[in-house]
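Residue numbers count from 1 along this sequence.
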Amino acid sequence: MAKLFDFEAVLSQLPEILKYLPTTLILAVSSMIIALIIGMLLALIKTKNIPVLKQIAGVYISLIRGTPVIVQLYIAYFGIPMITKYIYQQNGWNYQSSATSGFVYAIIALSINESAYIAEIFRGALASVNVGQIEAASAIGMTYFQTFRRIIFPEMLSVALPGLGNSFIGLIKGTSLAFVCAVVEMTAQGKIIGGRTYRYFEVYVSLAIIYWVITFVIEQGIRLIEKKMQIPDQVAKVEISEDERGV
């Protein structure tokens, strides 16, 4: 009689699934970098109240946040080649649908999805920056780029970091849906192993362990970065003591 639960199968499947960990990480990191750039631009547009662009950014964020990521993956996988084919045909160019891999479509969809959430994180972080510091920087002749690089961005980043960490963790888990774009990452490999061994439960337990470990490592890394970015308590004490002495 077959075992109801085979713990040895869970352990034996881990190395085979972990072979695709680099694919998952590359997919997540690439999507996060693109999402950070798009999210920052959207946040600046909304914060600066740029006419027309602000409305477009608002619709973009609402649309992306209001639709499931798996739907966006399907749209990217089937929609982008369709649009590309149409453009090629209109210009009389030769179109090859196999020229672009599903990996690229997965990155596009995941980065677009993540950018909408990161935009709101950055917008809130930008709103937390003291306006007085920005005005003081402008008063001494600093350009907006200098002010952003030296004052706004460091303060904004310290506020946004926990939210960005959570977003990256969510993105890591979101890569498990990349199989709809024919990308073989850890979850897709788990499905392949399950189809071969018929031990789906053990496969998903293995995947759960791997994702949990990855999440734990990222959480600890974010906490370490947060501690590094915190102002030491000694600075506050020195400032208080100097004020008390009338310095």
S.K.: Between M156 and S128, is the side chain to side chain contact (heavy atoms under 4.5 Å, CB included) condition met? List the steps.
M.R.: CA-CA 7 Å; M156 178 196 73; S128 70; 6.0 Å; no
S.K.: How many angstroms lie between CZ in R123 and NZ in K46, if you round to the nearest 0.5 Å?
M.R.: 5.0 Å
S.K.: In terms of ring plane angle, is the pair F153 and F148 parallel, tilted or perpendicular, where the classes change at 30° and 60°?
M.R.: tilted
S.K.: Output all residues satisfying salt bridge (charged side-chain N to carboxylate O under 4.0 Å, His left out) with E185, sequence neighbours left out; order by chain, then residue number.
M.R.: none
S.K.: Determine, step by step, whether Y20 and T187 satisfy the side chain to side chain donor-acceptor pair (under 3.5 Å) criterion, reporting the C-alpha distance in whole Å, the side-chain angles of both residues, the deciding distance to 0.1 Å, and the verdict.
M.R.: CA-CA 9 Å; Y20 292 85; T187 301; over 6 Å; no
S.K.: Check for me, please, whether I140 and V131 land in the same ILVMFWY cluster - side-chain distances under 4.5 Å, paths through other members count.
M.R.: no
S.K.: To the closest 0.5 Å, what do you measure between CD1 (I64) and CG (N113)?
M.R.: 7.0 Å
S.K.: What residues form a side chain to side chain donor-acceptor pair (under 3.5 Å) with Y60, not counting sequence neighbours?
M.R.: S115
S.K.: So, S206 side chain and L14 main chain: donor-acceptor pair closer than 3.5 Å or not?
M.R.: no
S.K.: When clusters are formed by joining ILVMFWY residues with side-chain heavy atoms under 4.5 Å apart, either directly or through shared neighbours, do V71 and L63 land in the same one?
M.R.: no
S.K.: With the side chain counted from C-beta on, respond yes when F168 and I218 share a heavy-atom pair under 4.5 Å apart, and no when they do not.
M.R.: yes
S.K.: Rounded to the nearest 0.5 Å, what's the gap from NZ on K191 to CG on L207? Could you check?
M.R.: 9.5 Å
S.K.: Just jot down the side chain to side chain donor-acceptor pair (under 3.5 Å) partners of E226, sequence neighbours excluded, or say none.
M.R.: none
S.K.: Rounded at 0.5 Å granularity, tell me how far CD1 in I17 sits from CD1 in I193.
M.R.: 4.5 Å
S.K.: Taking all non-hydrogen atoms of both residues into account, name the closest pair between A35 and I118 and its distance.
M.R.: CB-CD1, 3.8 Å
S.K.: Could you tell me whether E8 atom CD has more than 12 heavy atoms of other residues or ligands within 6.0 Å of it?
M.R.: no
S.K.: State, to 0.1 Å, how close V184 and T23 come at their nearest heavy-atom pair, and which atoms those are.
M.R.: O-CG2, 3.7 Å
S.K.: What's the separation between atom CD1 in I108 and atom CD1 in I80, rounded to the nearest 0.5 Å?
M.R.: 4.0 Å
S.K.: Just to verify, what does T67 make a side chain to side chain donor-acceptor pair (under 3.5 Å) with, not counting sequence neighbours?
M.R.: Q72
S.K.: For I152, does its backbone N or O pair with a side-chain atom of E155 as donor and acceptor, under 3.5 Å?
M.R.: no
S.K.: Do L126 and I121 sit in one hydrophobic cluster, given that two such residues count as connected whenever their side-chain heavy atoms are within less than 4.5 Å of each other, even indirectly?
M.R.: yes
S.K.: Taking S62 for its side chain and G58 for its backbone only, find out whether a donor-acceptor pair lies under 3.5 Å.
M.R.: no
S.K.: What are the two closest non-hydrogen atoms of V183 and A188, and how far apart are they?
M.R.: O-CB, 3.7 Å
S.K.: When hydrophobic residues are tied together by side-chain contacts of less than 4.5 Å, even through go-betweens, does I210 share a cluster with V203?
M.R.: yes
S.K.: What's the verdict on side chain to side chain contact (heavy atoms under 4.5 Å, CB included) for L42 and I38, showing C-alpha distance, side-chain angles and the deciding distance?
M.R.: CA-CA 6 Å; L42 292 171; I38 299 174; 3.9 Å; yes
S.K.: Just wondering, do K19 and Q189 contact through their side chains at under 4.5 Å, heavy atoms?
M.R.: no
S.K.: Applying ring-ring contact (aromatic ring centres under 6.0 Å, His included), can you list everything that pairs with Y74, at least two apart in sequence or on another chain?
M.R.: none
S.K.: Do side-chain atoms of Q220 reach the backbone of V217 as a donor and acceptor pair under 3.5 angstrom?
M.R.: no
S.K.: Do the charged groups of E16 and R196 touch, with an N to O distance under 4.0 Å?
M.R.: yes
S.K.: Would you mind listing every salt bridge (charged side-chain N to carboxylate O under 4.0 Å, His left out) that reaches into residues 74-91, with sequence neighbours excluded?
M.R.: none
S.K.: Looking at E202 and D6, would you say the former's side chain and the latter's main chain have a donor-acceptor pair under 3.5 Å?
M.R.: yes
S.K.: How far apart are the closest heavy atoms of L171 and S31, and which atoms are they?
M.R.: CD2-CB, 3.9 Å
S.K.: Is there a donor-acceptor pair closer than 3.5 Å between any side-chain N or O of N130 and the backbone N or O of G132?
M.R.: yes
S.K.: To the nearest 0.5 Å, what is the distance between CG (L27) and CD1 (I107)?
M.R.: 5.5 Å
S.K.: Side chain to side chain contact (heavy atoms under 4.5 Å, CB included), that's the test. Do T84 and I87 meet it? Break it down for me.
M.R.: CA-CA 5 Å; T84 305; I87 294 172; 5.8 Å; no
S.K.: Going through the checks in order, is the side chain to side chain contact (heavy atoms under 4.5 Å, CB included) test met by I172 and L25?
M.R.: CA-CA 7 Å; I172 288 283; L25 293 178; 4.0 Å; yes
S.K.: State, to 0.1 Å, how close A76 and P81 come at their nearest heavy-atom pair, and which atoms those are.
M.R.: O-CD, 3.6 Å
S.K.: Which of these passes side chain to side chain contact (heavy atoms under 4.5 Å, CB included) with F122: L44, L164, T47, L41?
M.R.: L164
S.K.: Where is the tightest heavy-atom contact between T147 and A137, given as atom of each residue plus distance?
M.R.: OG1-CB, 3.6 Å
S.K.: Less than 4.5 Å apart, any side-chain heavy atom of K48 and any of K54?
M.R.: no
S.K.: Do I214 and L21 have side chains that get closer than 4.5 Å, going by heavy atoms?
M.R.: yes
S.K.: In terms of hydrophobic clusters joined by side-chain contacts under 4.5 Å, are Y211 and F216 together?
M.R.: no
